[in-house]
Amino acid sequence: MGFNDDIIAEFRTNDGKVGGNFEGAPLLLLHHKGVKSGKDYVTPLVYQAGEGANYIFASYAGHEEDPQWFRNLKANPDTTIEIGGDTVAVTASEVTGPDRDRIYEQQRSVMPGFADYEKRTTRVIPVVALTPA
């Protein structure tokens, strides 16, 4: 099993709680379908709870390109997430402008690593709202 597989298994065993690098961080499992392959994927991601939506960040640890899950969501925005022991149908939409900046600033304030990701890249890191369907 790989790194993400171990996190996914621990998440599902412990109703959304994991240890290691993600201990204490709000974590969800994002289900997404491959744009080209049509294959189903699950990716563990840190999220920020908001009113009416949860927010995820396409930081890709500061790489210059967007993560594949972000490209997959743009093509197939209707999906599901796992939070705690619940599976929830959601619709993904990119947040832009001042709302994006405000949400990302909140994320930087609670998890300073997100500021480091910004410094490593020239792209604007996308923020995605996951709104219950």
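Residue numbers count from 1 along this sequence.
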Open item on the list: Going by ring pair (Phe, Tyr, Trp, His ring centres under 6.0 Å), name the pairs with one or both residues in residues 76-111, residues two or more places apart or in two chains.
Closed with: Phe57-Tyr104
Task: side chain to side chain contact (heavy atoms under 4.5 Å, CB included) between Gln68 and Thr43, worked out - done: CA-CA 10 Å; Gln68 187 61 49; Thr43 302; over 6 Å; no
Task: Other ILVMFWY residues reachable from Leu30 by side-chain steps of under 4.5 Å - done: Leu28, Leu45, Tyr47, Ile56, Trp69, Phe70, Leu73, Ile81, Ile83, Val88, Val90, Val128, Leu130
- [ ] List in chain and number order the residues that pass side chain to side chain contact (heavy atoms under 4.5 Å, CB included) with Thr96, two or more places apart in sequence or in another chain; answer none if no residue qualifies.
- [x] Glu94
Open item on the list: Suppose we screen for side chain to side chain contact (heavy atoms under 4.5 Å, CB included). Which residues come up paired with Lys17, at least two apart in sequence or across chains?
Closed with: Asn14
Open item on the list: Under 4.5 Å between side-chain heavy atoms, counting indirect links through other Ile/Leu/Val/Met/Phe/Trp/Tyr residues: same cluster for Val46 and Ile103 or not?
Closed with: yes
With rounding to the nearest 0.5 angstrom, report the [atom1] to [atom2] distance, [X] to [Y].
{"X": "Tyr55", "Y": "Thr131", "atom1": "OH", "atom2": "OG1", "result": "7.0 Å"}
{"X": "Asp15", "Y": "Asp86", "atom1": "CG", "atom2": "CG", "result": "8.5 Å"}
{"X": "Lys33", "Y": "Asp40", "atom1": "NZ", "atom2": "CG", "result": "4.0 Å"}
{"X": "Gln107", "Y": "Ser59", "atom1": "CD", "atom2": "OG", "result": "9.0 Å"}
{"X": "Asp78", "Y": "His32", "atom1": "CG", "atom2": "NE2", "result": "15.0 Å"}
{"X": "Thr121", "Y": "Glu64", "atom1": "OG1", "atom2": "CD", "result": "3.5 Å"}

Task: Note: Asp66-Arg71 ion pair, threshold 4.0 Å (strictly below) - done: no
Could you pull out the closest heavy-atom pair between [X] and [Y], with the gap in Å?
{"X": "Phe11", "Y": "Gly84", "value": "CE2-O, 3.6 Å"}
{"X": "Arg120", "Y": "Ala61", "value": "NH1-O, 3.0 Å"}
{"X": "Gly52", "Y": "Pro132", "value": "O-CD, 3.4 Å"}
{"X": "Ala75", "Y": "Val35", "value": "CB-CG2, 3.7 Å"}
{"X": "Ala89", "Y": "Thr80", "value": "CA-CG2, 4.0 Å"}

TODO: Please check if the side chain of Gln48 supplies one atom and the backbone of Asn54 the other of a donor-acceptor pair under 3.5 Å.
DONE: no
Open item on the list: A side-chain contact here means heavy atoms from C-beta on lying under 4.5 Å apart; do Glu10 and Ile7 qualify?
Closed with: no
- [ ] I would like to know whether Leu29 and Ile8 meet side chain to side chain contact (heavy atoms under 4.5 Å, CB included); could you show each step before the answer?
- [x] CA-CA 7 Å; Leu29 300 182; Ile8 292 165; 3.9 Å; yes
Indicate every side-chain donor-acceptor pair of residues 110-119 with a distance under 3.5 Å to a residue at least two apart or in another chain.
{"unit_1": "Glu118", "atom_1": "OE1", "unit_2": "Arg108", "atom_2": "NH1", "d": "2.6"}
{"unit_1": "Glu118", "atom_1": "OE2", "unit_2": "Arg108", "atom_2": "NH1", "d": "3.0"}

Task: Residue pairs involving residues 19-31 (criterion side-chain hydrogen bond (donor to acceptor under 3.5 Å, both in side chains); sequence neighbours excluded) - done: His31-Glu82
